[in-house]
Amino acid sequence: MNKKVYIETYGCQMNVNDSEVVLSILQGVGYERTTDMGEADLILANTCSIRENAEQRVHGRIDVFRLEKKKRPGVIIGILGCMAERLKDKLLEGRIVDLVAGPDAYRSLPAMVAAVTPGNPQIEVQLSRTETYDDITPVRMDHNGLSAYISIMRGCNNCCSYCVVPYTRGAERSRDPYTIVAEARDVFSKGYKEVSLLGQNVDSYLWKAPEDCPEHAGESVSFAQLLEMVALISPELRVRFSTSYPSDITDEVLFTMAKYENVCNHIHFPVQSGSDVMLEKMRRKYTRQWYLDRVARIREIVPDCGLTTDVIAGFCGESEQDHQDTLSLFELVKFDAAFMFAYSERPGTLASKKYEDDIPQDVKTRRLNEIIELQGRMGFIRYKEQIGKTLKVLVEGPSKKTPDELCGRAGNYMMCVWPDKTHKVGDYVEVTVIDATPATLICKLA
Ligand code: 5AD
Ligand code: SF4
């Protein structure tokens, strides 16, 4: 009988895709996935370090896993992903888990799992300059069989002072575009209708053919070119991508979006702050004005482009004026949606070494709430602006609230619901927007 692996995933879409890679590697040595921890031989948590509360949640889960191991001592507990490096020491001290594997160590998992014996934990956290797992076909976790994540690069070469990612995931490397296209073709042939190309900073994607590659000698591929290669697979395959870095996104990418109807008109465009003082301290490589100019250019080249963002409230030394600058930027841009966070100091980052985390928690919370409140109003305005428009939507399934209605996202990433008895999951449907709530477009068939 096959052994069973149970995996919990925290953090970003790239981590979800990493879990899919892990499942594929473990399947290769006879493991089968289970969603019931109680029957698993191997319990894994693929972890996130981005904010302190992400780490705390994982610690809580490790306690739960250890209870399970008390009941069934043969179970192997493993920690994967971004927390691996830091957990390594704790593990050595306390013998908390059996296995710790960093984001570039997943090929070693079969050997590590086989080598675990009581009192003999296995650890590999070394980061790689070349690993992209490009030959591994991820085991998809999307329940609909509709939308697949494809990592196009790993690591990050930016040095945002607040961010732990360069330390947890290492240096940036771009994956061979031909393996990306092959993977996208493969999921499309299996019925998937959407691929999301993932990277910490997709605009710095750059692949150079290895010198010993006769087929593609001298060739290099930029992100805009990759986007086009994937878009050309089929007009029936939607292409999304994330994340774009404000100073790196090129007009070429925007023109490619405008040229291909199946490249979705949505850009996730993290601003982080509306204040030049904060942006500089955060080591973001753009100014407020540069950001606003890029937004204008996006809206010029890709009309009706959906725009979402990330923002941090209460970074080191943030004054009331800096905070007001963030609010005014949100008012000017009117994002469709935003991920909004209070600053959380991460060990090892430049900010943790150079700046004091000096904004009191209650001030951070108040500022965050002000941003959330403002964004709620701005997002609602953006949604109401869609009334009267006709949008092409990919059907995801029945609406959660009204089961006789269908739901699905438009290209701009807004969720639509409409009464429909004829279409099914995976169909493309044209709908006309008749009303809006702050996060949903109420539609009818066009
Ligand atoms: N504290 C709070 N938020 C952070 N982010 C990254 N690092 C931190 C931190 N130390 C946010 C950024 C990033 C998103 C993924 O998480 O907004 O874009
Ligand atoms: Fe993803 Fe960053 Fe969390 Fe790692 S730390 S899982 S890269 S969000």
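Residue numbers start at 1 and run along the sequence shown. Remember, it's 1-based here, ligands and their atoms both numbered in the order they're listed. All of these numbers come straight from a predicted model, not from anything done at the bench.
The contact set between ligand 2 and Q200, taken as ligand atoms under 4.0 Å from a residue heavy atom, comprises 7 (S).
If you check the side chains of E8 and Y10, you find a donor sitting under 3.5 Å from an acceptor. A side-chain donor-acceptor contact under 3.5 Å links T308 and H266. Checking R288 against S328 by side-chain atom types alone, a donor-acceptor pair falls below 3.5 Å. In this structure, a donor-acceptor pair under 3.5 Å is present between the side chains of D248 and N201. For the residue pair N157 and R173, no side-chain donor N or O sits within less than 3.5 Å of a side-chain acceptor on the partner. For the residue pair Y260 and E228, a side-chain donor N or O sits within less than 3.5 Å of a side-chain acceptor on the partner.
Protein contacts to atom 4 (Fe) of ligand 2 involving N, O or S atoms at a distance below 2.8 Å are C82 SG.
Residue-level contacts of ligand 1 at the 4.0 Å heavy-atom threshold are I50, R51, Y162, Q272, D310, I312, F341, A342, Y343, S344, R346.
Ring orientation note: the planes of Y355 and F315 are nearly perpendicular, at an angle over 60° on the 30°/60° scale. Using cut-offs of 30° and 60° for the angle between ring planes, the Y178 and H216 rings count as parallel.
With V230 as reference, L197 is the one residue of I152, I150, L197 to meet the side chain to side chain contact (heavy atoms under 4.5 Å, CB included) rule.
Centroid-to-centroid, the aromatic rings of Y291 and F269 come within less than 6.0 Å.
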